Amino acid sequence: MKRLVFHVDVNSAFLSWSSVEILRKNPEAEDLRLIPSAVGGDPKKRTGIVLAKSVPARKFGVKTGEPLAQALRKCPGLQVISPDFRIYNRSSAAMMALLAEYAPVVEKFSIDEAFLDMTGTGLLYPDPVALAHEIRERIHRELGFTVNIGISENKLLAKMASDFEKPDRVHTLFPEEIPDKMWNLPVGELLYVGHHSVEKLKRMDIQTIGQLARTPEPVLKKVFGMKQAHQMHNYANGIDESPVGEEEAVNKGYGNSITLPCDLVRSEEACPVLLALADSVGSRLRADKMTASSITVTIKDNTFHTVSHQVTLAQSTDVTDVIYKNAVKLFDQLWDRQSPIRLLGVSAGKAVQEEYYQYTLFDEQARQKARSLDQMVDSIRNRYGSDALKRASLLNSKQTERIGRKHRKEGEDTERENHE
């Protein structure tokens with residue numbers, strides 16, 4: 001039986017989800033997707049990077065991952081809003097629940113992407129393309145945002161297909177369509193072929209995916225090594241045997257992870273992301289009146305190699321600052337300072353009901369002092385929304401100062417803001 005795989009990808013996810021939330025609260029507001037706009041750092045300070053952009057902003061040359069100040073020079077009228085990961089997590093969960101109504105197996109690939117294994121569903125859904133349009137239209141109608149859906153016989157080709165013309169489209173890329181639809185594309189558009197690999201391939205006079213597909217694997221091994229050469233050669237020929245699996249999420253339980261819109265290549269860029277993740281984990285613990293005695297940080301690089309590291313705390317906690325500081329220490333120990341980071345995750349384990357944990361008087365005094373800030377933040381956010389308060393003050397820890405020292409010397413324009 002031939003496999004059938006869908007890849008569902010939200011169009012400009014952070015911007016779309018923010019826009020849907022704004023319109024939900026105020027139907028008369030401008031739709032950010034229809035004007036030059038971006039999700040990024042602090043619009044008042046012109047700091048941070050562009051995490052997502054609208055199609056009109058792209059026409060001004062605004063790019064994802066560039067400094068916000070640079071984007072504003074390109075497009076002075078650019079409307080910038082701060083990211084809100086609570087909205088993004090909620091929107092992502094709603095989409096995953098909808099997809100689960102159709103597919104026997106759904107693999108959440110990232111916060112805004114999912115693979116659906118539709119193999120063997122031919123009797124229920126005889127026309128895969130018609131089904132994909134039904135899913136696309138239902139997401140737009142019920143959830144308010146658009147997606148691209150790619151269809152093929154494996155995950156690689158389905159994901160490649162979903163990256164074709166956007167937004168709000170359905171595309172196929174079956175093996176017989178590879179020569180016409182994929183081989184003429186620049187080699188840099190092949191999944192998981194990064195900038196450095198592209199430069200090496202160009203020096204070998206390999207410009208397109210088709211040229212890479214026709215290059216003998218032993219020739220590639222001399223430049224890239226056995227493992228990378230084998231993967232690149234297979235992918236260029238549309239070969240991918242990886243299953244669609246309901247993988248255990250990094251953020252199972254009290255945790256959170258996010259696939260970044262562009263790879264992180266410097267330590268200091270990770271701190272605001274770790275803080276936002278720690279903030280989310282801490283608020284969920286407090287909402288459930290739970291405390292955790294272990295913290296785990298997970299890193300996935302751009303070759304999809306995943307590593308994680310855990311620490312057991314002397315005292316159980318639900319305090320954001322404690323979770324964050326331990327996450328930064330773990331990150332500092334874990335990352336090799338070379339592999340570009342695609343995903344970051346922070347999770348809290350060994351959770352127990354708060355009232356069952358015994359503290360010394362000194363511990364409780366210190367804990368309550370830290371918790372007072374968290375409770376104030378939780379209360380104000382619950383009443384006025386997630387954007388009401390930012391946790392910029394937590395970036396003043398000594399650990400962050402040490403990691404961020406080099407970054408601050410490079411100037412304000414490239415500084416990432418606290419995401420929540």
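Not measured: the values here are computed from a predicted model.
- Judged purely by distance below 3.5 Å, without hydrogens or angles, the side chains of Q79 and S37 never pair a donor atom with an acceptor atom.
- Ring pair F85/F14 is perpendicular by interplanar angle, where above 60° counts as perpendicular and below 30° as parallel.
- Between F145 and V10 the shortest side-chain heavy-atom distance falls below 4.5 Å.
- When all heavy atoms of A348 and L285 are compared, the pair lying nearest together is CB-CD1, 4.1 Å.
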- L173 vs H7, side chain to side chain contact (heavy atoms under 4.5 Å, CB included): CA-CA, chis, key distance, verdict: CA-CA 11 Å; L173 182 55; H7 178 255; over 6 Å; no
- Would E137 and R141 count as a salt bridge (charged side-chain N to carboxylate O under 4.0 Å, His left out) if you check the C-alpha gap in whole Å, the side-chain angles of each, and the deciding distance to 0.1 Å? CA-CA 6 Å; E137 291 167 1; R141 182 175 65 252; 5.3 Å; no
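- Scanning all heavy atoms of the two residues, the minimum distance from A270 to F331 falls at CB-CZ, 3.6 Å.
- Relative ring orientation between H171 and F164 is described as perpendicular, the plane-to-plane angle rising above 60° on a 0-90° scale split at 30° and 60°.
- To the nearest 0.5 angstrom, N26 atom CG is 12.0 Å from E21 atom CD.
- Between V297 and H309 there is no side-chain heavy-atom pair separated by less than 4.5 Å.
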- Worked check of side chain to side chain contact (heavy atoms under 4.5 Å, CB included) between L212 and M232: CA-CA 8 Å; L212 176 59; M232 290 171 58; 4.2 Å; yes
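- Ionic pairing of E241 and K155 is not present here: no N-O contact between side-chain nitrogen and carboxylate oxygen is shorter than 4.0 angstrom.
- Between K74 and Q70, some side-chain heavy-atom pair lies under the 4.5 Å cut-off.
- Residues T306 and T298 have side chains in contact (heavy-atom distance under 4.5 Å, counting atoms from C-beta outward).
- In terms of the side chain to side chain contact (heavy atoms under 4.5 Å, CB included) criterion, residue partners of A278 (sequence neighbours excluded) are, by chain and number, I323, Y324.
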- Query: Should V129 and I151 be marked as a side chain to side chain contact (heavy atoms under 4.5 Å, CB included) after you check the CA-CA gap, both sets of side-chain angles, and the distance that decides it?
  - Reply: CA-CA 8 Å; V129 174; I151 307 172; 4.1 Å; yes
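- A side-chain N or O of E177 and one of T172 form a donor-acceptor pair less than 3.5 Å apart.
- At a cut-off of 3.5 Å, with distance as the only test, a side-chain donor of T64 or K53 sits close to an acceptor on the other residue.
- Q231 places no side-chain N or O within 3.5 Å of a backbone atom of K227 that could act as its donor or acceptor partner.
- Minimum interatomic distance between N237 and A213 (heavy atoms only, all atoms of both residues): ND2-O, 3.3 Å.
- Here the closest heavy-atom approach between residue I111 and residue Y88 is recorded as CD1-CB, 3.8 Å.
- In this view, S12 satisfies the side chain to side chain donor-acceptor pair (under 3.5 Å) rule with no residue, not counting sequence neighbours.
- In this structure, P243 and R3 approach most closely via the heavy-atom pair CA-NH2, 3.9 Å.
- The backbone N or O of A292 sits less than 3.5 Å from a side-chain atom of S316, completing a donor-acceptor pair.
- Residues L68 and V80 have side chains in contact (heavy-atom distance under 4.5 Å, counting atoms from C-beta outward).
- Note that the CH2 atom of W335 and the OG atom of S267 stand 4.5 Å from one another [nearest 0.5 Å].
- Note that CG of L313 is 6.5 Å distant from OG of S293, once rounded to the nearest 0.5 Å.
- In this model, no donor atom of one side chain and acceptor atom of the other lie less than 3.5 Å apart for Y102 and T121.
- Salt bridge annotation for R342-D301: absent, with no cationic side-chain nitrogen under 4.0 angstrom from a carboxylate oxygen.
- Within the 4.5 Å cutoff, side-chain heavy atoms of V147 are placed close to those of M95.
- With salt bridges taken as basic N to acidic carboxylate O contacts below 4.0 Å, none links R138 and E134.
- Ion pairing of E66 with K63 is absent here, as no side-chain N (NZ or NE/NH1/NH2) approaches a carboxylate O to less than 4.0 Å.
- I295 has its side chain out of reach of V281: every pair of non-hydrogen atoms, C-beta onward, lies at least 4.5 Å apart.
- In this structure, E107 contributes its side chain and G245 its backbone to a donor-acceptor pair below 3.5 Å.
- Ion pairing of E113 with K108 is absent here, as no side-chain N (NZ or NE/NH1/NH2) approaches a carboxylate O to less than 4.0 Å.
- Within the 3.5 Å criterion, the main-chain N or O of D279 finds a donor-acceptor partner in the side chain of S283.
- In the model, S16 has no side-chain atom that pairs as donor or acceptor with a side-chain atom of R33 under 3.5 Å.
- In this structure, V105 and L116 have side chains that are not in contact, with every pair of non-hydrogen atoms separated by 4.5 Å or more.
- Under a 3.5 Å cut-off, the side chain of D117 and the backbone N or O of A103 do not form any donor-acceptor pair.
- Atom CG of D112 sits about 9.5 Å away from atom CG of N11, to the nearest 0.5 Å.
- The closest side-chain donor-acceptor pair between D9 and S162, if any, does not fall under 3.5 angstrom.
- Here CZ of R286 is found 9.0 Å from OG1 of T317. Values are rounded to the nearest 0.5 Å.
- Atom CG in N89 sits 8.0 Å away from atom CZ in R284 (nearest 0.5 Å).
- No side-chain donor from either of D318 and T291 sits under 3.5 Å from a side-chain acceptor of the other.
- Under the side chain to side chain donor-acceptor pair (under 3.5 Å) criterion, E189 pairs with no residue at all, not counting sequence neighbours.
- Between L15 and A52 the shortest heavy-atom distance is N-CB, 3.8 Å.
- Side-chain contact, D336 with S339: a donor N or O sits under 3.5 Å from an acceptor N or O.
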- Query: Stepwise, does the salt bridge (charged side-chain N to carboxylate O under 4.0 Å, His left out) test hold for R136 with D168?
  - Reply: CA-CA 7 Å; R136 175 188 62 79; D168 203 20; 3.0 Å; yes
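- N148 and D163 are not linked by any side-chain donor-acceptor pair at a separation below 3.5 angstrom, with hydrogens and angles left out of the test.
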- What do the steps show when you test L99 against V8 for side chain to side chain contact (heavy atoms under 4.5 Å, CB included), and what is the final call? CA-CA 9 Å; L99 297 177; V8 182; 4.1 Å; yes
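- Residue Q310 qualifies as enclosed at atom CD: its count of foreign heavy atoms under 6.0 Å is above 12.
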